[in-house]
Amino acid sequence: MGKLICIIGNNGSGKTTLTKALCKAGGFTPYLESHDDRPYQFLFAQDVRTYALPNQLDYLLTRVEQEYTIRTQPTTGVQDGGLDQDFHLYTRLFHQKGFLDDKGYALCQRTYRALRNGAPLPDLFVRLKLPLTQLRQRLQARARFDLEQLVTLEDLNRLEYYLEEWTSTLPPERLLVLDIAHERVDFAGALPEILAKADLPGGLS
């Protein structure tokens, strides 16, 4: 069965960049979150209350479909984010912001729990930690259309809270927390630690 690494963190922390760098260094396969390919993403940006529910369900299903593909391969797959982050951060945030009503949130929660109960937990979560001031600077410098246009700079505090709350429940042997405040943009300094963790008992070995 293939192994699964999830790169998790707040908006702007560099999840996609690290995913690509880690896959190149380790010979792994990247499974990225492509907003352009999602059928409801553009509609969600135009009408958040009408399309929040189908959009979130689509993301949850897409992520677990990636997991199924990874588990059937003989190699390691790496996701930028993943099923658990999509629920614990964005589904919760969109409910708090009023994009999802209580019934919609409850449906997403049922869906997430059913999907996770039917699929093993990722072998390793790599959490990227960056001060909120640096996250804000990175997001302000971005000029692309994606999910982050629906997440304000003020939402970063709440997302950080959700991250802390969620990751505190993860098995310690499956979690690697990296302080990347002084990390190079190509993550060259972090790669050896991640690859070493992947080979430790209780990690991916």
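Quick caveat, the model's predicted, so the values are computed rather than measured.
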| Sequence neighbours excluded - ring pair (Phe, Tyr, Trp, His ring centres under 6.0 Å) pairs with any residue from residues 174-196 | none

| field | Pairing residues for D179 by the salt bridge (Lys or Arg N to Asp or Glu O under 4.0 Å) criterion, not counting sequence neighbours | value | none

| field | Test salt bridge (Lys or Arg N to Asp or Glu O under 4.0 Å) applied to R184 - qualifying residues, sequence neighbours left out | value | D186

| query | Are the ring centres of F44 and Y59 closer than 6.0 Å? | reply | no

Got a donor-acceptor contact below 3.5 angstrom from the [X] side chain to the [Y] backbone?
X    : Y   : value
R138 : S13 : yes
N55  : Y51 : no
D123 : I5  : no
T72  : G2  : no

| task | List the atom of C6, the atom of Q79, and the distance in Å for their closest heavy-atom pair. | result | SG-OE1, 3.3 Å

| task | Would you name the heavy atoms of H35 and E33 that are closest together and state the gap between them? | result | CE1-OE1, 3.2 Å

| Are N10 and L132 close enough that some pair of their side-chain heavy atoms sits under 4.5 Å apart? | yes

| Side chain to side chain, L18 and I180, heavy atoms closer than 4.5 Å | no

| request: Verify the cluster assignment for L32 and V78: are they in a single hydrophobic cluster under the rule of side-chain heavy atoms below 4.5 Å apart? | output: no

Contacts of [X] that satisfy side chain to side chain donor-acceptor pair (under 3.5 Å) - sequence neighbours left out:
X    : value
D155 : K97, T152
E67  : R116
E164 : R127, K129
T19  : none

| query | Can you list every pair that meets salt bridge (Lys or Arg N to Asp or Glu O under 4.0 Å) and has a residue in residues 18-30, with sequence neighbours left out? | reply | none

| query | Which residue pairs satisfy the salt bridge (Lys or Arg N to Asp or Glu O under 4.0 Å) criterion with at least one member in residues 37-47, sequence neighbours excluded? | reply | R38-D58

| remark: Sorted by chain and number, sequence neighbours left out, ring pair (Phe, Tyr, Trp, His ring centres under 6.0 Å) with F125 holds for W166

| task | Kindly determine whether L135 and N11 satisfy side chain to side chain contact (heavy atoms under 4.5 Å, CB included), including the steps that lead there. | result | CA-CA 7 Å; L135 289 171; N11 284 29; over 6 Å; no

| How is the hydrophobic cluster of Y112 composed, in terms of its other members, when Ile, Leu, Val, Met, Phe, Trp and Tyr link through side-chain heavy atoms under 4.5 Å apart, directly or indirectly? | L60, L61, V64, Y68, L83, F87, Y105, L115

| message | Taking side chain to side chain contact (heavy atoms under 4.5 Å, CB included) as the definition, give me every residue that meets it alongside P171, ordered by chain and number, with sequence neighbours left out. | response | L121, E173, R174

